[in-house]
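For reference, the structure discussed in these notes is given below.
Read the numbers this way: they start at 1 and go in the same order the structure lists the ligands and their atoms. Worth knowing before you read on, the calculation uses all heavy atoms, side chains too, and leaves out hydrogens, waters and symmetry mates.
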Amino acid sequence: MCGVFGYIGIRNPLEVCLSGLEKLEYRGYDSSGIGGIFEGQIVLCKKAGKLSALKNSIQLPQISLAIAHTRWATHGKVNDENAHPHLDFTQSIALIHNGIIENYKELKNDLLKEGITFSSDTDTEVIANLIAKYYEGDLVQALNATLSQLKGIFALVVIHKDHPDQIIAAARDCPLSIGYSDQEDESLISSDPNAFEESNYNIVFLKDDEIAKVQKKSIKIYNKNLDIISKKIERLEIDIRPPSKEGFEHYMLKEIFEQPLTIKKALLGRYDEDIFFEELKLSTDVLKKIKNLWILGCGTSSHAGRIASLLVEDWARLPSSVEIASEARYRNPLISEETLIVAISQSGETADTLAALKETKKYHCPNLGICNVKNSTLARETDGVILLKAGPEISVCSTKAFTSQIAVLTLFSLYLARLHNQLSKSQVKTIFEELQEIPKHIETVLNQLPTIQAIAKKYAKFEHFFFMGRGYMLPTAMEAALKLKEISYVNANAYPAGELKHGPIALLHSQFPVVAFCAHKKTRDKIISNLTEVKARGSPVLAIAPSDDSEIKEIADDVIYVPKTRDELAPFSSSVVGQLFAYFIAKERGCDIDQPRNLAKSVTVE
Ligand code: M6R
């Protein structure tokens, strides 16, 4: 994980790097740091805590270039010492790093035996010292020798005090982009090209241990044999608008309120008498031949995948399985050329999802990415992609991306159903018309904000929750429980409602509330029975139920009503209730809502 950034050029490197780090803070906010070269010496400033801590304390002389880092801790505690950049033992080299060096312990032991001392607990410092060991005047050569020793996935950016005119970068299975300008003498390096301030850069992406020598006026890329190679140069449309809370107290609340609009955007231009996707590069011939789906994702994206799996089964009548990407990559899956891989990721940079996708390539399966960030690795590396068009999601806790994911996955399931002759045009028309009503349903939920806030306040004192649901309400409950855990630090487990009595019900008592998602009509009577079972154990019960269910209030202590809709579309409104419930509990408990502890927006390590 972590964000790396570098700048060499005519502007003030410090200012450019701080601005780059702001846009990379979604990759980690445990600490940050900047390093440069001044009068033949490496100078550094690094600070534990959010970027604001670095900004408040930074004091560096006029440096000729800069490398900058925002950290999500993997090796070593969150403190100033473990913040990047790291120096080698001669203090000639400074290095920033994203990723994990799997064999760092043995490498460190070897270096210790050679008398080299370390001042941090990081794997990064090992790399800096290896480069120093191999350095004989050429930093590219030293880095190349070092790469051959390293196991893992990583992106590295290095400077040397004797080379104030160059920054060296390398990447293995980890995103790293180099941008350079035709107009100005400047070059930039970033984990994510969206962190470049302008959209008129020529951009190259490094991979497979390629090394870049980045200078003000030139960029040279070397392969493993140290031959200079030419790379595809891309021009990317980059959204350079600075993020804004637009008057909301938190990004999360702003993003929750954006959902009526973001869902409309997800649907826009994708139906004209039938479903279509302009940008989808996968041919209908390929999609007609598929016999099953393997859906990959992590966290919220995996919950969207669970909903998609039910939709595909119900409408397209195709079997599918949803796999947590970190597990999928180590499976021995029964997939083939007739399996469609669907990789879901808001950021398109989640390491586990990308790695699982890469694993499936050896089975020659066609693959599809569902993604919000159009320049992301996932969007670039899949055969076809459907973009969410939800706009940047800043809050670590995913909200609008989730509902946009389920919107596009609903459309895609209908699209597959048509290709596999399972639904008629008029059936799809009816469902699409109901889907178009969803933004209004969400507005109805948002209008109940005072009620949801009051109920959340009442439940904010509890330390443990069960969330339960059936059918489409099970992934909805899982997603709502994740929201609560993530931003309120409250223990919330989601279970299929019928499963509670097979063990977990033993935990229930008067201080252990149950939040029941009841909008799945097919199993409505069953969940009522489950509710009476938990009520009998003394648990407070909050039900999220369709507006026409008058009976639920007789059983539940509290009810939040959502507009009624067909089962397949019920996750939308109920999820928004879950988001607001978590938001107000976190607020009541005084948590850092947009940047919860220990987390990052984009998880770029295994
Ligand atoms: O960017 P991705 O969709 O691949 O991210 C996957 C998860 O890390 C993410 O959904 C995470 O679970 C959210 N913070 C949940 O709100």
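- Among all non-hydrogen protein atoms, the one lying nearest atom 8 (O) of ligand 1 is Val603 CG2, 3.9 Å.
- Here is the list of ligand 1 atoms found below 4.0 Å of a heavy atom in Ser345: 1 (O), 2 (P), 3 (O), 4 (O).
- The shortest N/O to N/O separation between Gln405 and ligand 1 does not fall below 3.5 Å.
- Atom 1 (O) of ligand 1 has its closest protein heavy atom at Ser347 OG, 2.7 Å.
- Applying the 4.0 Å criterion to heavy atoms of Cys397 picks out, from ligand 1, the atoms 16 (O).
- Residue contacts with ligand 1 for Glu349 are absent, since no atom lies close enough (heavy atoms, distance under 4.0 Å).
- By the 4.0 Å heavy-atom criterion, Lys483 is counted among the residues contacting ligand 1.
- For Tyr29 (side chain) and Leu599 (main-chain N/O), a donor-acceptor pair under 3.5 Å exists by modelled atom type.
- Below 30°, between 30° and 60°, or above 60°: for Phe154 and His97 the angle between ring planes is above 60°, a perpendicular geometry.
- Put simply, the side chain of Glu255 gets close to the backbone of Ser395: a donor and an acceptor are under 3.5 Å apart.
- Not a single heavy atom of Ser602 lies less than 4.0 angstrom from ligand 1.
- Considering backbone and side-chain atoms together, Gly299 places no N or O closer than 3.5 Å to any N or O of ligand 1.
- Here Gln579 contributes atom CD and Leu484 contributes atom CG; the two are 12.5 Å apart, rounded to the nearest 0.5 Å.
- For Phe257 and Phe248, the gap between ring centers is short of 6.0 Å.
- Taking the six-membered ring for Trp and thresholds of 30 and 60 degrees, Phe465 and Tyr459 have ring planes inclined between 30 and 60 degrees apart.
- Taking distance alone, with nitrogen or oxygen atoms compared against 3.5 Å, Thr350 approaches ligand 1 more closely than that limit.
- A donor and an acceptor atom, one from each side chain of Lys483 and Thr300, are located under 3.5 Å apart.
- If you number the atoms of ligand 1 from 1 as listed, the ones under 4.0 Å from a heavy atom of Glu486 come out as 13 (C), 14 (N), 15 (C), 16 (O).
- From the protein, the heavy atom lying nearest to atom 9 (C) of ligand 1 is Thr300 N, 4.1 Å.
- Thr410 pairs with exactly one of Leu435, Ile275, Ile438 by the side-chain contact (heavy atoms from CB on, under 4.5 Å) rule, that one being Leu435.
- For ligand 1, the atoms lying closer than 4.0 Å to a non-hydrogen atom of Leu482 are 12 (O), 15 (C).
- Within the 4.0 Å heavy-atom criterion, neither part of Leu599 lies near ligand 1.
- Taking the six-membered ring for Trp, Tyr415 and Phe277 have ring centres closer than 6.0 Å.
- Close approach of ligand 1 to Ser301 (heavy-atom distance below 4.0 Å) involves ligand atoms 2 (P), 3 (O), 10 (O).
- For atom 6 (C) of ligand 1, the closest non-hydrogen atom of the protein is Cys298 O, 3.3 Å.
- Of the possible donor and acceptor atoms, none in the side chain of Lys245 sits under 3.5 Å from a partner among the backbone N and O of His250.
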